[in-house]
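Read through the structure below, which is laid out as structure tokens, and then see the notes.
Reckoned from all heavy atoms, side chains included, excluding hydrogens, waters and symmetry mates.
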Protein chains: 2
Amino acid sequence: MQHSEAMALSAALLAAAGGLTQRIHEGVVARGFEGVRPAHGFAFARLARDGATVTDLAVHLGVTKQAASQLVDEMVRKGYAERRPHPGDARARLVVLTERGWACTRAAEEAAAEVVREWGAVLGEGEVGVLRERLLRIAPQGPVRPSW
Amino acid sequence: MQHSEAMALSAALLAAAGGLTQRIHEGVVARGFEGVRPAHGFAFARLARDGATVTDLAVHLGVTKQAASQLVDEMVRKGYAERRPHPGDARARLVVLTERGWACTRAAEEAAAEVVREWGAVLGEGEVGVLRERLLRIAPQGPVRPSW
DNA sequence: ACCATATAGTCAACCTACTTGACTATTCTG
DNA sequence: CAGAATAGTCAAGTAGGTTGACTATATGGT
């Protein structure tokens, strides 16, 4: 693999990721959820499991806990999440999704499925599964990095 | 493809893209080019062709021309680019890479090639080529979107 | 040829998402 | 049970973008 080919692959990967992000965002907005930005998606994904503390979220997003706290403020203000007392630790607070937060999560899933369905039409259904498997093997673990 | 599978694919794609971005950035820094951020890569790629005006760059990056101008200011200040008079349009200025800018571009190519080489070791060389071809087919065209 | 309009670029002010630093309240530990 | 660590917040500063206003040059219709 030559350098220019590596750059072509890199550019394609970044373009595909950017396009997917935008398509999901547009789909979420089209389903009536305004004021939510792509970067929020990573927070929704973490909260959807069984809630998280602000510190959990900060580690997951790779930002400071102050930044995570502001993000939660915003999500609470817009009705997507709420702070509940943490069972078993009076210092912490458990941030969980509201019903609207769940609905927004489902909207994002639908939008993603729509895009992936289009990919299936282009590549073939089986190839999409292969693509997913390959990407999982080269994707690093650790905190997500919402911004470049 | 079910919703959860679409989300798994989306997450893998975004994680792979984020990881690649970070690895390239680390490789560039390791080769002695400091003060350059991942978002600059898209500007380098556009300037590497045969230079560009600030407005060209703004369109390519999907930002305002004021933001593109600030980006060019920064690249000039750090020695990666320079503004030259535009042949044939006295309003415009042609932004081109300096020798240091070219060296940084080559460093990014090397870093990308290094990561892609690792992918080849994991997936097999042939599979990387297939991956590139698949990604090219699902990647949208149009301006890049450096930030989510 | 000329004036109206469009385009390239910049300056200034502002906005947003993040940072660092300082602090309180609670929990863990030796 | 005192000292250190942890969860969270408040406040101030920073970086990278935005919108709006402006100048200089180019383009096109009459």
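The aromatic rings of B:Tyr80 and B:Phe44 stand perpendicular to each other, their planes meeting at an angle above 60°, with 30° marking the opposite boundary.
With rounding to whole Å, B:Lys65 atom NZ is found 11 Å from D:dT23 atom C1'. Taking atom CG of residue B:Leu71 and atom C1' of nucleotide C:dT10, one finds them 16 Å apart after rounding to whole Å. The NE2 atom of B:His86 sits 11 Å away from the P atom of D:dA26 (whole-angstrom rounding). A straight line from CD of B:Gln66 to P of D:dG16 spans 17 Å, rounded to a whole angstrom. One interatomic measurement links the two molecules: NE2 of A:His40 to P of C:dC18, which rounds to 8 Å at whole-angstrom precision. Remark: C1' of D:dA7 and CG of A:Asp73 are 15 Å apart, rounded to the nearest angstrom. Atom CZ of B:Arg83 is separated from atom P of C:dG9 by 9 Å (rounded to the nearest Å). A straight line from CZ of A:Arg77 to C1' of C:dT16 spans 12 Å, rounded to a whole angstrom.
Checked for salt-bridge contact, B:Glu99 and B:Arg106 meet the test: a charged N lies under 4.0 Å from a carboxylate O. A salt bridge is defined here as a Lys NZ or Arg NE, NH1 or NH2 lying under 4.0 Å from an Asp or Glu carboxylate O, and B:Lys78 with B:Glu74 meets this definition.
Here CD of A:Glu109 is found 5.5 Å from CE of B:Met7. Values are rounded to the nearest 0.5 Å.
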Check the pair B:Glu114 / B:Arg31 against salt bridge (charged side-chain N to carboxylate O under 4.0 Å, His left out), numbers first and verdict last.
CA-CA 13 Å; B:Glu114 190 175 297; B:Arg31 285 168 176 81; 3.4 Å; yes

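Taking the side chain of B:Ala92 as heavy atoms from C-beta on, and the options C:dA17, C:dG9, C:dC18, the nearest nucleotide is C:dG9.
A:Thr64 comes within 4.0 angstrom of a base, heavy atoms only.
Under 4.0 angstrom from either OP1 or OP2 of C:dT16 there lies no side-chain N or O belonging to A:Arg37. For A:Thr53 and D:dA7, the shortest distance from a side-chain N or O to OP1 or OP2 is not below 4.0 Å.
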Reading nucleotides 24-30 of chain C 5' to 3', which nucleotides get B (base under 4.0 Å from a protein heavy atom), which S (sugar-phosphate only), which -?
-BBS---

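The local environment of CZ in B:Arg84 is sparse, with at most 12 non-hydrogen atoms from other residues, nucleotides or ligands closer than 6.0 Å.
Side chains of B:Asp56 and B:Thr53 form a contact here, defined as non-hydrogen atoms less than 4.5 Å apart. Residues A:Pro38 and A:Ile24 have side chains not in contact (no heavy-atom distance under 4.5 Å, counting atoms from C-beta outward).
Rounded to 10°, the helix from C:dA1-D:dT30 to C:dG30-D:dC1 has 30° between the axis fitted to its first five pairs and the one fitted to its last five.
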